[in-house]
Amino acid sequence: MKIYRIFVINPGSTSTKLSLHENEDMLFSTDVFHDSAMLRTFPTINDQLDYRMDVLHQFLKENSIDLTGIDAVVGRGGGCVSVPGGTYEINQQLIEDTRAAKGGLYHASMLGVQMAERVHERYGGRMFMVDPPVVDELQDVARITGVKGIYRTAVSHALNLKATARHHAKVMGRRYEDLNMIVCHIDGGISVTAHCHGKMIDANDAGGGEGPFTPTRMGSMAVTDVRRYLWSKSEDEIRDLCSQAGGLSSWFGTSSSDKVHALVDAGDPRATLIWNAMIYQVIKAIGSMAAVLKGDVDAIVLTGGLLRFSDVITQIKESVSFIAPVTGYPGEFEHQAMADGALRVLRGEEEAKVYTGKPVWDPAELGF
């Protein structure tokens with residue numbers, strides 16, 4: 001069997017994750033944390049590119065990895081227009097649309113395909129994107145807002161959500177396409193999503209700051225509060241509150257969950273209240289997705305880095321186990337999912353999709 005070498009690049013809101021794979025095996029991996037206070041020293045997310053590439057080259061050096069002759073480089077997608085799920089060959093239009101955040105998502109994931117291009121220019125190999133955050137499978141009723149011309153978008157941790165859902169379906173001895181599940185990614189960003197027979201039919205706009213507040217995002221607020229407290233702020237300040245300066249970062253000056261949870265463990269009442277409020281908002285969002293699925297829920301599946309704190313899954317189980325069994329998978333399946341997507345294409349098991357720059361749902365075509 002031919003051995004394919006695949007390098008995976010996954011920039012997140014508070015970390016850069018890198019890994020090297022040979023077929024299904026992960027040989028090396030790293031997860032470098034970046035404090036939001038430091039990231040805010042860069043005027044824009046695109047300005048972080050050189051910094052993140054330095055992290056990448058340090059990883060290669062420390063592990064004596066030579067990527068010459070690499071078969072594929074997979075960059076996490078983000079920022080492009082909405083697309084159906086699948087594996088995409090990275091082309092110039094995808095890179096340009098991502099850099100310009102043409103799809104409206106302003107998040108560190110927009111660096112993924114740009115970093116893949118940098119690696120490709122130096123070492124070669126095919127370039128891929130797999131199940132980016134802008135995968136759009138929303139039911140149309142979930143798109144409509146109370147303002148004509150403004151529509152809800154699907155921006156979530158689609159890669160890990162779908163990979164975890166498929167994994168849990170196998171654990172249950174079932175097919176993902178035959179189940180209804182509520183799947184939550186809980187980390188620097190938080191996505192709470194409803195999956196109906198293999199389609200993610202509703203989700204909070206995690207990339208836009210909608211839903212629970214997180215270590216880096218302010219979450220949903222009443223419009224009157226936005227007017228009262230944020231109206232005088234600049235566009236950049238508001239954007240940062242939605243993506244990297246809100247949530248725990250706003251309250252504590254750091255997005256480090258370990259530092260904040262250390263205060264919780266020490267009995268700090270303020271830190272405990274704010275931490276529990278974040279979990280409480282996740283619980284409320286899970287309840288809303290149960291209603292989307294009309295109470296027909298086979299499983300509630302939790303994943304993401306914050307599950308390393310036992311009180312997260314404990315509190316959620318205490319509140320929502322009446323809906324369906326709750327299972328937690330600390331960490332994430334993102335890197336294996338990206339490597340597997342590239343591997344299927346390299347083996348000829350599926351054909352890479354072509355990014356066209358045309359969104360999944362265009363209200364103008366429907367006369368909206």
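These numbers come from the heavy atoms of this one structure, side chains and all, not from hydrogens, waters or symmetry mates. Keep in mind that this is a model prediction, so the values were computed, not measured.
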Does any N or O in the side chain of [X] come within less than 3.5 Å of the main-chain N or O of [Y], such that one atom is a donor and the other an acceptor?
X	Y	value
Ser15	Asp31	no
Arg217	Ala206	yes
Asn180	Asp296	yes
Asp131	Asn160	no
Thr214	Gly188	yes
Tyr4	Leu346	yes
Asn204	Pro212	no
His120	Gly125	yes
Arg344	Glu350	no
Arg308	Gly305	yes

Using a cut-off of 6.0 Å, state whether more than 12 heavy atoms not belonging to [X] lie near its atom [atom1].
X	atom1	answer
Tyr280	OH	no
Glu235	CD	no
Glu96	CD	yes
Lys2	NZ	yes

| said: Between Tyr151 and Ile144, does the side chain to side chain contact (heavy atoms under 4.5 Å, CB included) criterion hold? Intermediate values first, please. | reply: CA-CA 5 Å; Tyr151 305 95; Ile144 307 301; 4.2 Å; yes
Nearest 0.5 Å, please: how far is [atom2] in [Y] from [atom1] in [X]?
X	Y	atom1	atom2	value
Leu161	Thr193	CG	OG1	4.5 Å
Leu241	Asp236	CG	CG	11.0 Å
Arg227	Met221	CZ	CE	13.5 Å
Leu94	Arg99	CG	CZ	10.5 Å
Leu20	Asp25	CG	CG	11.0 Å
Cys196	Asp202	SG	CG	11.5 Å

Looking at side-chain heavy atoms only, is the closest gap between [X] and [Y] below 4.5 Å?
X	Y	result
Ile190	Met278	yes
Leu138	Trp361	no
Leu179	His195	no
Arg76	His107	yes
Lys17	Ser29	no
Ile65	Phe7	no
Ile90	Glu117	no
Ser257	His261	no

Heavy atoms only: give me the nearest [X]-[Y] pair and the separation to one decimal.
X	Y	answer
Val81	Pro359	CG2-N, 3.9 Å
Phe252	Ala271	CZ-CA, 3.8 Å
Ala352	Phe128	CB-CE2, 4.1 Å
Glu210	Ala203	OE1-O, 4.3 Å
Met200	Val135	CE-O, 4.4 Å
Val360	Val83	CG2-C, 3.4 Å

| query | Just one of Val192, Ile313, Ile316, Ile279 clears the side-chain contact (heavy atoms from CB on, under 4.5 Å) bar with Ile186, so which one? | reply | Ile316
| For Met110 and Leu105, what are the C-alpha separation, side-chain angles and deciding distance, and is it a side chain to side chain contact (heavy atoms under 4.5 Å, CB included)? | CA-CA 8 Å; Met110 64 197 290; Leu105 172 62; over 6 Å; no
| So Val134 and Cys80, side chain to side chain contact (heavy atoms under 4.5 Å, CB included) or not? Walk me through it. | CA-CA 7 Å; Val134 290; Cys80 61; 3.7 Å; yes
Decide whether [X] and [Y] are clustered together by the hydrophobic rule: side chain heavy atoms of Ile, Leu, Val, Met, Phe, Trp, Tyr closer than 4.5 Å, transitively.
X	Y	value
Ile323	Val282	yes
Met289	Val320	yes
Leu159	Phe333	no
Ile201	Ile182	yes
Met115	Phe28	yes

Strictly by modelled atom types, are [X] and [Y] linked by a side-chain donor-acceptor pair under 3.5 Å?
X	Y	value
Gln244	Arg40	no
Ser256	Asp258	no
Thr44	Asp47	yes

| said: For Phe59 and Ser19: C-alpha separation, side-chain torsions, deciding distance, then whether side chain to side chain contact (heavy atoms under 4.5 Å, CB included) applies. | reply: CA-CA 9 Å; Phe59 166 69; Ser19 59; 5.8 Å; no
| request: Using the six-membered ring wherever Trp is involved, compare the ring planes of Tyr51 and His34 and label them parallel, tilted or perpendicular (cut-offs 30° and 60°). | output: perpendicular
| said: Looking at Asp54 and Lys61, is there a salt bridge between them, counting it only when a charged N and a carboxylate O are closer than 4.0 Å? | reply: no
| Carboxylate-amine/guanidinium proximity below 4.0 Å for Arg143 and Asp136 | yes
| field | Near-ring test Phe309/Trp275, centroid separation under 6.0 angstrom | value | yes
